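Structure, as structure tokens:
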Amino acid sequence: MKAINNINPQYIVHTGDIVDNIKLETNHKYLPLYERGLKKFIDCIEGHSATPYYVMGNHDDIDSVIKFSNKGIIFKKGVIEIEGCSFYVSHEYEKSNNKTDYCLFGHSFDPVHHKEEDKVILNGLLNMNAIALSTGKIYKIEYPLGINYYRKMERGSIGL
């Protein structure tokens with residue numbers, strides 16, 4: 001949350017697996033533990049003035065996100081428009097025929113950031129991405145040291 005305090009974004013798009021050290025898809029008995037982590041995360045995100053968008057991942061529980069979010073925009077995938085820029089967002093990478101400026105996802109380490117025709121593809125699992133909407137400049141912000149270990153998301157050891 002330090003990054004949010006330092007950047008002070010107007011919008012936050014989270015591309016799924018909000019509490020990704022808990023794999024609900026494979027073990028739903030951890031729902032109470034997931035909800036404790038989820039509430040803490042949402043309270044931090046929604047304690048800022050940014051408009052949050054929550055894309056549901058395969059380890060998320062949409063009913064819990066709805067229960068704890070007061071101002072988040074919650075969905076599985078789709079196109080969002082923010083200040084004249086269009087984004088196709090989903091948890092898993094999909095080639096989209098939608099004419100959007102960006103494609104945001106975060107399920108696996110591949111593919112890496114790249115450009116397809118006129119669309120910028122950004123993988124949020126690799127790092128956080130801050131986009132200056134007025135210029136299109138992308139700032140890549142590394143996750144804090146150790147965060148991928150904690151999230152059980154180190155390259156080569158992704159837990160399903």
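The first residue of the sequence shown is numbered 1, and numbering continues consecutively from there. Keep in mind it's a predicted model, so treat the numbers as computed, not measured.
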Counting C-beta onward and ignoring hydrogens, is there a side-chain heavy-atom pair between [X] and [Y] closer than 4.5 Å?
X: L24; Y: D60; answer: no
X: N58; Y: K23; answer: no
X: L31; Y: E35; answer: yes
X: H91; Y: K76; answer: no
X: V112; Y: L126; answer: yes
X: H59; Y: V19; answer: no
X: I141; Y: N129; answer: no
X: R36; Y: Y34; answer: no

S86 side chain vs D101 backbone, donor-acceptor pair below 3.5 Å |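 Pair found, side chain donor or acceptor close to backbone of D101.
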Quick one: do Y54 and I62 end up in the same hydrophobic cluster if we chain Ile, Leu, Val, Met, Phe, Trp and Tyr together by side-chain heavy atoms under 4.5 Å apart?
->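 Yes, it is one cluster - the side chains of Y54 and I62 are joined through contacts under 4.5 Å.
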F68, L33: one ILVMFWY side-chain cluster at the under-4.5 Å cut-off?
->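 The answer is yes; both residues are in one hydrophobic cluster.
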Mind checking the [atom1]-[atom2] spacing from [X] to [Y]? Nearest 0.5 Å is all I need.
X: I12; Y: I45; atom1: CD1; atom2: CD1; answer: 4.0 Å
X: K95; Y: N98; atom1: NZ; atom2: CG; answer: 13.5 Å
X: K115; Y: C103; atom1: NZ; atom2: SG; answer: 14.0 Å
X: I22; Y: E25; atom1: CD1; atom2: CD; answer: 14.5 Å
X: T26; Y: H28; atom1: OG1; atom2: NE2; answer: 11.0 Å

Over all heavy atoms of both residues, which pair between A50 and P9 is shortest? Give the atoms and the distance, please.
->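 Scanning both residues, the minimum pair turns out to be CB-O, 3.3 Å.
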Would you name the heavy atoms of D110 and S108 that are closest together and state the gap between them?
->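 Where D110 meets S108 most closely, the heavy atoms are O-OG, 2.9 Å.
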Through direct or indirect side-chain contacts below 4.5 angstrom among Ile, Leu, Val, Met, Phe, Trp and Tyr, which residues connect to [X]?
X: V79; value: Y88
X: I138; value: Y11, V13, Y53, V55, I73, F75, I80, I82, F87, V89, Y102, L104, V120, L122, I131, L133
X: I121; value: Y93, F105

May I have the step-by-step check of side-chain contact (heavy atoms from CB on, under 4.5 Å) for K67 and L38, ending in yes or no?
-> CA-CA 10 Å; K67 177 167 74 173; L38 177 69; over 6 Å; no
Residues, nucleotides or ligands: over 12 heavy atoms within 6.0 Å of K77 NZ |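 Open.
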Provide the full list of salt bridge (charged side-chain N to carboxylate O under 4.0 Å, His left out) pairs with a residue in residues 38-47, sequence neighbours left out, each pair given once.
->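 Listed once each, the pairs are K39-D43.
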Will you find, in the side chains of D17 and H107, an N or O donor that is under 3.5 Å from an N or O acceptor?
->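 H107 and D17 do not have a side-chain donor-acceptor pair below 3.5 Å.
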Short side-chain donor-acceptor distance under 3.5 Å, N123 and H114 =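 Side chains of H114 and N123: no pair found under 3.5 Å.
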List in chain and number order the residues that pass side-chain contact (heavy atoms from CB on, under 4.5 Å) with S134, two or more places apart in sequence or in another chain; answer none if no residue qualifies.
->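 side-chain contact (heavy atoms from CB on, under 4.5 Å) check on S134 returns nothing, list empty.
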Aromatic ring centroids of H14 and F41 under 6.0 Å?
->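 Ring-ring flag for H14/F41: true, centres closer than 6.0 Å.
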Under the side chain to side chain donor-acceptor pair (under 3.5 Å) test, which residues partner S90, sequence neighbours left out?
->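 Applying side chain to side chain donor-acceptor pair (under 3.5 Å) to S90 gives none.
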Would M128 and K140 count as a side-chain contact (heavy atoms from CB on, under 4.5 Å) if you check the C-alpha gap in whole Å, the side-chain angles of each, and the deciding distance to 0.1 Å?
-> CA-CA 6 Å; M128 294 175 277; K140 294 180 177 139; over 6 Å; no
